[in-house]
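One structure is given below, encoded as structure tokens.
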Amino acid sequence: MKKYKFSLDQVLEIRQNIETQRQGEFVQAMRVVDENTDILKGIEEDQQSFLERYHTRQQADLQPNECIQYHQYFHALEVSIDRQNENIELLREEAEEKRERLEEALRDKLVIEELKKENLRNFQKKLAKTEQMFSDDTSTITYNYRSKSGSGS
């Protein structure tokens with residue numbers, strides 16, 4: 001019996017490899033976004049705890065030079081938060097591009113998989129037709145043999 005072989009198996013394998021690679025790239029990009037979001041949360045937590053310390057010191061005996069230092073640090077934290085937000089936004093855009101490339105790879109692979117399914121169905125139909133023809137031929141030969149054997153007696 002003839003064995004099924006899909007002529008585009010190599011193409012399908014390449015597309016699967018591309019999909020796997022792009023999936024890894026997307027996961028890595030999302031991991032970087034998460035890491036940078038955690039960094040932002042850390043900066044914001046530092047800002048909050050420093051603000052609480054500032055209010056505590058303000059109620060006590062805050063000196064003018066200390067006040068200037070606090071405000072400089074607050075300003076530095078704000079700049080850091082703004083930069084981190086911009087960085088996260090860029091990283092999210094990059095991750096979105098990688099997600100789109102992953103979806104493209106998935107679509108490309110699905111096209112070949114659908115061709116393979118259709119090709120397999122056609123192969124199975126041809127095989128069934130061939131088997132039916134073989135069965136019909138066998139039946140005809142058997143019938144003719146029995147007919148000749150039975151009438152010759």
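These values consider heavy atoms only, across backbone and side chains, with no hydrogens, waters or symmetry-generated copies.
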Can you tell if the side chain of Glu44 reaches within under 4.5 Å of the side chain of Gln84, non-hydrogen atoms only? no
Using a 3.5 Å distance criterion without hydrogens, assess whether the side chain of Thr142 forms a donor-acceptor pair with backbone atoms of Thr138. yes
Yes or no on side-chain contact (heavy atoms from CB on, under 4.5 Å) for Thr37 and Arg92, after CA distance, side-chain angles and deciding distance? CA-CA 10 Å; Thr37 302; Arg92 283 189 176 140; 4.0 Å; yes
Arg22 and Glu25 ion-paired at < 4.0 Å: no
Residues Arg99 and Glu103 bridged, charged N to O under 4.0 Å: yes
Is Phe123 close to Leu127 at the side-chain level, that is, under 4.5 Å between some pair of heavy atoms? yes
Is there a side-chain contact between Val111 and Arg107 in this structure, where contact means two heavy atoms from C-beta onward sitting under 4.5 Å apart? no
Apply the side-chain contact (heavy atoms from CB on, under 4.5 Å) test between Glu19 and each candidate in Leu106, Leu110, Ile14, Asp108; give the one that qualifies. Leu106
Just wondering, more than 12 heavy atoms not from Arg57 lying within 6.0 Å of its CZ? yes
So, do Ile112 and Phe6 sit near enough that their side-chain heavy atoms are less than 4.5 Å apart? yes
Just so I know, are the side chains of Thr20 and Lys109 near enough to count as touching, which here means a heavy-atom distance under 4.5 Å? no
Chi angles and distances behind the side-chain contact (heavy atoms from CB on, under 4.5 Å) call for Leu120, Lys117: CA-CA 5 Å; Leu120 179 60; Lys117 287 177 188 175; 5.7 Å; no
Starting at NE2 of His71, measure out to SG of Cys67 and round the result to the nearest 0.5 Å. 3.5 Å
Who else is in Val33's hydrophobic cluster (ILVMFWY, side-chain heavy atoms under 4.5 Å, direct or via others)? Val32, Leu91
What about Phe26 and Ile18, same hydrophobic cluster or not, with Ile/Leu/Val/Met/Phe/Trp/Tyr joined at side-chain heavy-atom distances under 4.5 Å? no
Just so I know, are the side chains of Val27 and Met30 near enough to count as touching, which here means a heavy-atom distance under 4.5 Å? no
Considering residues at least two apart in sequence or located in another chain, which fulfil the side chain to side chain donor-acceptor pair (under 3.5 Å) criterion with Gln63? none
What's the spacing between Lys98 NZ and Glu94 CD if we round to 0.5 Å? 5.0 Å
Could you verify whether a donor N or O on one side chain and an acceptor N or O on the other, from Gln132 and Asp136, lie under 3.5 Å apart? yes
Residues sharing Ile88's hydrophobic cluster, by side-chain heavy-atom contacts under 4.5 Å among ILVMFWY, directly or via others? Ile39, Leu40, Ile43, Phe50, Leu51, Tyr54, Leu62, Tyr70, Tyr73, Phe74, Leu77, Ile81
Is it the case that the side chains of Gln124 and Arg121 hold a donor-acceptor pair, with the cut-off being a distance below 3.5 Å and no angle test? no
